[in-house]
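What follows is a single structure, written as structure tokens, with notes after it.
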Amino acid sequence: MNYDIIVIGSGPGGYVTAIRAAQLGFKTAIIEKESLGGICLNWGCIPTKALLKSAHVFKYLQQAEQYGLNKVENPGFDFTKVIQRSRGVATKMSGGIAFLMKKNKIDVIMGTAKIQKGKKVSVTDKDGKATEYSGEHIIIATGARSRELPNIPQDGKKIIGYRQAMVLPEQPKSMIVVGSGAIGIEFADFYNTMGTKVTVVEFMPNILPVEDEDSSKHVEKSLKKSGIEIMTSASVESVDTSGNGVKATVKTATGTITLEADILLSAVGIASNIEGQGFEEVGIQTDKGKVLVNEWYETSVPGYYAIGDILPTQALAHVASAEGITCVEKIKGLHVEKIDYGNVPGCTYCHPEVASVGLTEKQAKEKGYELKVGKFPFSASGKATANGDTDGFIKVIFDAKYGEWLGCHMVGDGVTDMIAEAVVARKLETTGHEVLKSIHPHPTISEAVMEAVAAAYGEVIHI
């Protein structure tokens, strides 16, 4: 019952932390109350991509003639089977985590954890039995859940969060999506592609508000063209669920209107899982729903650490994983480099996809940089044209004085797999000229990065 490291939560933060701890020779246990893999593998990142892939294939079937193929008459789908495939992918991935735990000799403890004083954790199993474990280092990675607004209370049936959106028993004919971050836009795209009438309501002036304005506006235009109705600078004041569906009262810049739909998806962000964890009893400091930690993720109480969505850092799976690895390597006494939160990539897997890293053009200007900005449209890309999907662009932002790559913003098919080039280049402090002299293969989608850099320096060839 005594461990070197106890990890609470088995999402991408927790399970990666546990594996790295085991690799470093620590006797490690991981505690999970539901399913190995946490929200990301079971109810988030992975199964949503499976849904979007089904939608993408369905769209290809509808476009067969564009590729010289015989028209597919009345292409259809079984909504239940689409959902089942997504759940199957999640189950397979969760099973993979179980294998990794066994391979790395990590003890898996199923139950609900609550931290105690003296570096101890009490775990209550499904039968209500509590068992106490002690660990020299306790790492808390309990993640987050769908955030609820007081005026949009989720009932799980007519007003739903992302978990219900992934397992609806039948496809709604119409849906209101409140919030246009990655979660809201991905679900809006999926359901719209499958034939649901979707309306997105966003409080900010642009959808995907954390993205560069060029990206936001381009994606908004593309989604509207696909049939999604988008209302920006608008807010849902109240929701009436007394009838067959929902009636949402929406305040806009020009007045108040009522939207009707079968169902409303609330995608207004996430809330950290810090309640009932024992933080107050142990004396761990929190602020505004987030755990406070030092640069190596130790909380205000020595021996207790926190990573992932319960911190004020970006609530992304890859951030949680990086924080966990950094945390245990520091505990081991290795020479550890601090995470550069300014070089974290963000991705949205709608169609067209969106990916970015670094500063937006607006942020770079606000910081006082003199800029060189280059943009290359996929309409000028031979590979994108051959693929039949030219919707999107690559945009790069450089400091004109020193050539530092300040930001990269991508919209288009497959860009979430390409953004890592910019992340690595920025990490290595690559200049624009070094990118230009790095030969990119032709024809590929990736050479658009080189072309965008060339555009920034007045050397672009293909536009």
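Here, residue 1 is the first one in the sequence, and each next residue gets the next number. In this text, all values refer to a predicted model and were calculated from it rather than measured experimentally.
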Could you check if a side-chain atom of [X] sits within less than 4.5 angstrom of a side-chain atom of [Y], using non-hydrogen atoms only?
X	Y	answer
Val282	Gln116	no
Met410	Val449	yes
Pro352	Asp413	no
Thr252	Thr256	no
Tyr341	Thr313	yes
Leu359	Tyr369	yes
Thr431	Tyr402	no
Arg87	Trp43	yes

Can any side-chain N or O of [X] pair as donor or acceptor with the backbone N or O of [Y] at less than 3.5 Å?
X	Y	value
Tyr191	Ala165	yes
Glu421	Met418	no
Lys158	Val246	no
Arg147	Ala271	no

Testing the basics here: between [X] and [Y], what is the closest heavy-atom pair and its distance to 0.1 Å?
X	Y	answer
Ile8	Ala113	CG2-CB, 3.7 Å
Val396	Ala456	CG2-CB, 4.2 Å
Gly308	Ala320	CA-CB, 3.6 Å
Ala22	Asn104	CB-O, 3.5 Å
Val250	Ala234	CG1-CB, 3.9 Å
Thr232	Met204	CB-O, 3.5 Å

SB check [X] [Y] (cutoff 4.0 Å):
X	Y	result
Glu329	Arg20	yes
Glu298	Lys330	no
Glu237	Lys251	no
Asp214	Lys395	yes

Which residues share a side chain to side chain contact (heavy atoms under 4.5 Å, CB included) with [X], sequence neighbours left out:
X	value
Ser242	Asp240
Glu32	Ser10, Glu34, Leu36, Met110
Asn343	Asp340, Val357, Val423, Arg426, Lys427

Enclosure of [X] [atom1] (heavy-atom neighbours >12, cutoff 6.0 Å):
X	atom1	answer
Gln285	CD	no
Glu213	CD	no
Glu370	CD	no

Under the side chain to side chain donor-acceptor pair (under 3.5 Å) rule, what pairs show up with a residue in residues 132-145, not counting sequence neighbours?
-> Asn2-Ser134, Lys119-Glu136, His137-Tyr305, Arg145-Asn273, Arg145-Glu275
Given Phe279 and Thr299, is the side-chain contact (heavy atoms from CB on, under 4.5 Å) satisfied, shown in steps?
-> CA-CA 10 Å; Phe279 290 112; Thr299 68; 5.7 Å; no
For Phe393, the ring pair (Phe, Tyr, Trp, His ring centres under 6.0 Å) test, sequence neighbours excluded, returns His218
How would you list, by chain and number, every residue that makes a ring pair (Phe, Tyr, Trp, His ring centres under 6.0 Å) with His433, sequence neighbours excluded?
-> Tyr457
What is the distance from atom [atom1] of [X] to atom [atom2] of [Y], rounded to the nearest 0.5 Å?
X	Y	atom1	atom2	value
Leu208	Leu223	CG	CG	8.0 Å
Leu265	Thr196	CG	OG1	11.5 Å
Ser86	Leu51	OG	CG	4.0 Å
Glu202	Ile207	CD	CD1	8.5 Å
Asn206	Ser180	CG	OG	8.5 Å
Ile46	Met166	CD1	CE	11.0 Å

Determine, stepwise, if the pair Ile30 / Asp107 fulfils side-chain contact (heavy atoms from CB on, under 4.5 Å).
-> CA-CA 6 Å; Ile30 192 165; Asp107 288 350; over 6 Å; no
Does the pair Ile39 and Arg163 meet the rule for a side-chain contact (heavy atoms from CB on, under 4.5 Å), with working shown?
-> CA-CA 9 Å; Ile39 291 296; Arg163 287 185 67 140; 3.7 Å; yes
Given side chain to side chain donor-acceptor pair (under 3.5 Å), test Ser272 with Asp309 step by step and report yes or no.
-> CA-CA 6 Å; Ser272 300; Asp309 293 359; over 6 Å; no
Might you work through the side-chain contact (heavy atoms from CB on, under 4.5 Å) test for Val328 and Gln23, ending with a clear yes or no?
-> CA-CA 10 Å; Val328 292; Gln23 289 174 344; over 6 Å; no
Side chains of Asp391 and Ser222: donor-acceptor distance under 3.5 Å anywhere?
-> yes
Take Glu148 and Ser266 through the test side chain to side chain donor-acceptor pair (under 3.5 Å) and record every step on the way to the result.
-> CA-CA 7 Å; Glu148 289 194 52; Ser266 180; over 6 Å; no
Find out whether the Lys NZ or Arg CZ of Lys27 is both under 6.0 angstrom from the six-membered ring centre of Tyr3 and within 45° of the ring's axis.
-> yes
